[in-house]
Amino acid sequence: MKKLLLLFTFSALALTSCEDEDTQGLEIDMLKGTWKIAKTEVISGVNENIVISTDVPTGCFAKSAYELRTDLYAAYTAVSGFGNNCNSIKTEGKYVYDAEKKLMKITLDGDIERSYKVLILSSSELRLQTLTNNIDQNGALVIDSQYISFTK
């Protein structure tokens, strides 16, 4: 009976740890791909139902994108210009992702580490709340949050 109980305990532990690893791997696999910014919103720190500003990229800026891979490689291609005269600059780096805490950190070459809370993650949609360098944008003396929505 003791052997059976011991076997059951070890099996339960093994299944639990595999489930966490599977979730981490599955979510990193969903992060893989090229993500374009659909919109950026600034939400009031006083009242989270108030959108202070919304920016939807247009023209050349709409071509800017993040590339994420399963080997934790990250790159950002910034596209600027007007009309058909678009210019792009690619910056590479790395990211880390914690599926349990839903936290992502991206560090691109020559930039600081930027932290995000992952609010939505699916195979075609990603929504992040920035946790780095947020400021009071509406004069309420409370830090406001920036939310970035991406699509594949």
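Values reported hereafter were calculated over all heavy atoms of this structure, with side chains retained and with hydrogens, waters and symmetry mates removed.
Summarising the geometry, atom CG belonging to Asp29 is positioned 10.0 Å from atom OG belonging to Ser123; distances are rounded to the nearest 0.5 Å. Distance check, rounded to the nearest 0.5 Å: CG of Asp55 to CD1 of Ile37 gives 8.5 Å. Taken to the nearest 0.5 Å, the NZ atom of Lys63 stands 4.0 Å off from the SG atom of Cys86. Between Leu31 atom CG and Leu121 atom CG the span is 5.0 Å, to the nearest 0.5 Å. To the nearest 0.5 Å, the span separating CD1 on Ile143 from OG on Ser44 amounts to 11.5 Å. We find the CD-CG distance between Gln146 and Leu128 to be 10.0 Å, quoted to the nearest 0.5 Å.
Residues forming a salt bridge (Lys or Arg N to Asp or Glu O under 4.0 Å) with Asp109 (at least two apart in sequence, or on another chain): none. Residues forming a salt bridge (Lys or Arg N to Asp or Glu O under 4.0 Å) with Asp111 (at least two apart in sequence, or on another chain): Arg114.
The existence of a salt bridge linking Lys39 and Glu41 is confirmed by a sub-4.0 Å separation between a basic side-chain nitrogen and an acidic carboxylate oxygen.
Connection of Met30 to Tyr97 is established within a shared hydrophobic cluster, with ILVMFWY side chains joined at heavy-atom distances below 4.5 Å, either directly or through further cluster members. Note: the hydrophobic cluster containing Val118 also contains Leu72 (ILVMFWY, side chain heavy atoms under 4.5 Å, direct or indirect links). The cluster map of Ile, Leu, Val, Met, Phe, Trp and Tyr, joined by side-chain heavy atoms under 4.5 Å apart, puts Leu108 and Leu126 in the same cluster. Note on Ile148: it does not cluster hydrophobically with Ile50, by side-chain heavy-atom contacts below 4.5 Å among ILVMFWY residues. In the hydrophobic cluster analysis, where Ile, Leu, Val, Met, Phe, Trp and Tyr join through side-chain heavy atoms closer than 4.5 angstrom, Ile52 is grouped apart from Ile43.
A donor-acceptor pair is defined here as one N or O able to donate and one able to accept, closer than 3.5 Å; no such pair exists between the side chain of Lys152 and the backbone of Ser122. Side-chain atoms of Glu113 never come within 3.5 Å of backbone atoms of Thr107 as a donor-acceptor pair (strictly under, hydrogens ignored). A donor-acceptor pair is defined here as one N or O able to donate and one able to accept, closer than 3.5 Å; such a pair exists between the side chain of Asp144 and the backbone of Gly45.
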Could you walk me through whether Ile120 and Phe150 pass the side chain to side chain contact (heavy atoms under 4.5 Å, CB included) test, one step at a time? CA-CA 10 Å; Ile120 297 172; Phe150 298 87; over 6 Å; no
Determine, step by step, whether Asn138 and Val46 satisfy the side chain to side chain contact (heavy atoms under 4.5 Å, CB included) criterion, reporting the C-alpha distance in whole Å, the side-chain angles of both residues, the deciding distance to 0.1 Å, and the verdict. CA-CA 10 Å; Asn138 62 351; Val46 174; 5.7 Å; no
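Residue Ala62 comes nearest to Lys36 through the heavy atom pair O-CD, 3.8 Å, listed as atom of the first residue, atom of the second, then distance.
With a 6.0 Å radius and a threshold of 12 heavy atoms from other residues, nucleotides or ligands, Ile89 has its CD1 atom at or below the threshold. No more than 12 heavy atoms of other residues, nucleotides or ligands shown are found within 6.0 angstrom of NZ on Lys105.
Under the ring pair (Phe, Tyr, Trp, His ring centres under 6.0 Å) test applied with Tyr66, the options Trp35, Tyr76, Tyr116, Tyr73 reduce to a single match, Tyr76.
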